[in-house]
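See below for the structure under consideration.
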Amino acid sequence: MKSVFQKSMSLTVLATSLLCVGASAAPNDAATLGQIRDSAMKSDWAYERLADLTDLVGPRLSGSPGAAAAVEQVAEAMRKLGAKVTLQPVKVPHWVRGAETAELVEYTGRPAGITQKVVLTALGGSGATPAAGLTAPVVIVRSFDELKAKGAQVKGSIVLFDVAFDQEMADRGHAGPAYGRGAGFRFAGPKLAADMGAAAALVRSVGGANYRIPHTGATGVVEGARIPAAAVTAEDAMLMSRLSARGPLKMHLTLTPQNLPEADSFNVIADLPGTDKADEVVIVSGHLDSWDLATGAHDDGTGVAGAMAVIDTLKKLNLKPRRTIRVIAWMNEENGTRGGKAYFDANKDKLDKHFAAIESDSGGGRPFGFIGSVTPPMVKYFAPLKAALEPIGAGIFERHDIAGAADTGPLERAGVPVFEPLVDSSAYFNYHHTPADTLDKVSPLELKRHVAVMTALTWYLANMEENIGRVPEQQE
């Protein structure tokens with residue numbers, strides 16, 4: 001009969017061996033998933049890395065010195081964790097913001113000597129006005145059909161797409177569709193206006209929290225037809241609509257951005273090698289670049305920091321995955337998605353070895369669980385993961401036919417299942433692409449929950465016995 005001391009030692013050895021062997025014992029059991037969740041909830045590592053990225057590097061638009069510094073900073077942090085780091089070359093757009101001013105110089109009822117300042121910011125890829133600016137009539141439209149109907153007025157004019165962001169929709173859990181509607185006008189509107197001979201294009205800012213802050217973003221303008229394009233604040237768009245109702249309206253607009261030759265940059269790839277299924281890969285990722293107006297804390301510093309923290313969490317627990325876990329900090333999501341495309345092109349003959357991909361690019365709001373593009377019969381196999389995340393209020397699994405993330409989009413369209421954290425985005429578009437997207441807007445507690453979800457999900461996928469299969473291939 002064993003002594004109490006012997007029994008105690010036996011239990012200790014058993015517990016230690018279970019922890020250390022990780023994947024070789026029962027990697028996706030409740031105890032291991034619970035350890036991952038609890039370790040993530042106690043750690044400030046991700047928030048510290050986010051502070052490094054936002055406070056030390058700052059804005060990281062592709063082609064900028066900030067983007068280059070961020071590549072080195074993230075690569076070095078991953079090397080310190082013992083990950084195998086690769087810098088994958090990516091050619092990226094190099095667009096530089098210049099002067100950006102506007103004022104309303106003619107309108108019905110204008111007192112002598114009075115002009116009205118308009119707050120705006122250039123959109124990515126925008127062309128430039130002459131250095132002294134241009135003066136032209138303002139034509140306001142609220143749909144593409146209205147733009148086409150006003151074709152005669154559009155030529156030589158400044159077109160304003162005055163489409164309000166639907167905050168009520170965002171408040172009720174549909175921030176993505178609300179953003180998508182406005183972003184469609186921002187991306188396609190300037191190109192259509194250019195095709196119709198417009199002198200410039202303005203878009204009402206796509207986002208909430210109307211404190212006269214403009215929201216930048218990408219446009220679809222192309223070389224040879226790069227008219228000046230800018231986002232105006234919601235308040236200034238409404239002002240112009242009111243003044244236009246009184247009579248003709250003219251603006252003096254100055255935008256002097258530059259479209260420079262493409263620059264050399266990199267995706268940062270950091271691998272935690274697997275054990276018996278090391279040739280299979282689970283990607284966990286966020287994009288490293290940001291717009292230049294702020295430090296990109298929500299978009300997408302939280303995604304990058306959360307992905308990096310997956311390896312930190314597993315290393316602290318000495319857990320070794322069966323499949324290789326690949327952290328990717330994508331370059332150039334904001335104005336070209338060149339990083340995602342470059343990775344796909346380099347790996348299109350190895351997609352059968354890509355078990356799944358996770359992308360986080362919806363900000364650092366409270367996570368409620370995760371989204372995944374798996375077939376309906378596979379949902380039941382995620383029950384243990386849902387149960388493990390339930391204690392932190394993150395046990396929801398929403399199955400989608402297509403997750404629709406940006407950088408993992410080419411992988412998903414080719415059949416790789418894609419997952420994302422399911423987060424509260426109701427306030428995300430208050431800060432998205434604005435000067436207000438700074439570290440102070442990120443909750444350290446929600447970032448810990450974010451890391452818990454990302455790490456538990458990554459670990460679970462890396463150790464699943466079941467083959468979750470492929471998603472139906474989609475056309476571009």
Side-chain angles (χ1 to χ4, degrees), residues 95-142 147 150 153-165 182 185-187 189-194 196-207 209-219 221 225-259 291-294 433-436:
W95 178 84
V96 179
R97 187 178 303 279
E100 40 192 33
T101 63
E103 57 182 346
L104 302 174
V105 295
E106 290 185 26
Y107 51 88
T108 300
R110 181 178 66 90
I114 296 297
T115 61
Q116 295 260 33
K117 178 182 178 180
V118 171
V119 179
L120 48 65
T121 191
L123 294 171
S126 167
T129 66
L134 63 84
T135 301
V138 177
V139 175
I140 299 175
V141 300
R142 293 175 177 83
L147 175 71
K150 291 184 174 180
Q153 301 173 55
V154 166
K155 190 170 183 179
S157 296
I158 299 171
V159 175
L160 167 62
F161 292 90
D162 184 17
V163 179
F165 178 77
F185 285 98
R186 187 192 69 210
F187 187 81
K191 183 179 185 303
L192 288 174
M196 295 176 65
L202 306 176
V203 179
R204 179 167 169 163
S205 284
V206 187
N210 296 334
Y211 293 108
R212 216 176 180 199
I213 299 176
H215 300 233
T216 193
T219 71
V221 292
R226 289 190 187 276
I227 61 172
V232 301
T233 69
E235 294 88 342
D236 288 293
M238 290 186 280
L239 170 64
M240 285 186 276
S241 286
R242 292 193 301 269
L243 291 176
S244 180
R246 293 173 179 260
L249 180 66
K250 276 192 176 181
M251 171 184 283
H252 183 75
L253 173 67
T254 304
L255 295 175
T256 61
Q258 299 179 67
N259 285 278
W291 282 105
D292 56 324
L293 298 182
H433 295 185
T434 76

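- Between the T256 side chain and the A99 main chain, a donor and an acceptor come within less than 3.5 Å of each other.
- Minimum interatomic distance between L253 and T129 (heavy atoms only, all atoms of both residues): O-CG2, 3.7 Å.
- For F185, the ring-ring contact (aromatic ring centres under 6.0 Å, His included) partners are F144, not counting sequence neighbours.
- Note that OG1 of T115 is 7.5 Å distant from CZ of R110, once rounded to the nearest 0.5 Å.
- Separation of atoms NZ (K250) and OH (Y107) is listed at 15.0 Å; rounding is to 0.5 Å.
- Judged by distance alone, with hydrogens and angles left aside, the side-chain atoms of T233 form no donor-acceptor pair with the main-chain N or O of R212 at under 3.5 Å.
- Looking at T219, its side chain does come within 3.5 Å of a backbone N or O of G124 through a donor-acceptor pair.
- Counting only N and O atoms by type, the side chains of H252 and T135 include a donor and acceptor under 3.5 Å apart.
- In summary, of the residues considered (I213, N210, V119), a side chain to side chain contact (heavy atoms under 4.5 Å, CB included) with E235 occurs for N210 alone.
- Q116 contributes no side-chain N or O that, together with a main-chain N or O of L104, makes up a donor-acceptor pair within less than 3.5 Å.
- With a 4.5 Å cut-off on side-chain heavy atoms, M196 and V159 do not count as touching.
- The main-chain N or O of P214 is never found under 3.5 Å from a side-chain atom of T434 such that the two would form a donor-acceptor pair.
- Residues V118 and D236 approach most closely at CA-OD1, 3.7 Å, considering heavy atoms.
- With hydrogens and angles disregarded, a donor-acceptor distance shorter than 3.5 Å links the side chain of R186 to the backbone of A218.
- The number of heavy-atom neighbours closer than 6.0 Å to CZ of R246, taken from other residues, nucleotides and ligands shown, is 12 or below.
- Between the R226 side chain and the G125 main chain, a donor and an acceptor come within less than 3.5 Å of each other.
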message: Set out, in order, the CA-CA distance, both residues' side-chain angles and the distance that settles side-chain contact (heavy atoms from CB on, under 4.5 Å) for M251 and L160, then state yes or no.
response: CA-CA 11 Å; M251 171 184 283; L160 167 62; over 6 Å; no
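- A donor-acceptor pair is defined here as one N or O able to donate and one able to accept, closer than 3.5 Å; such a pair exists between the side chain of E100 and the backbone of A122.
- The salt bridge (charged side-chain N to carboxylate O under 4.0 Å, His left out) pairs that include a residue from residues 116-142 are R142-D162, where partners are two or more places apart or lie in different chains.
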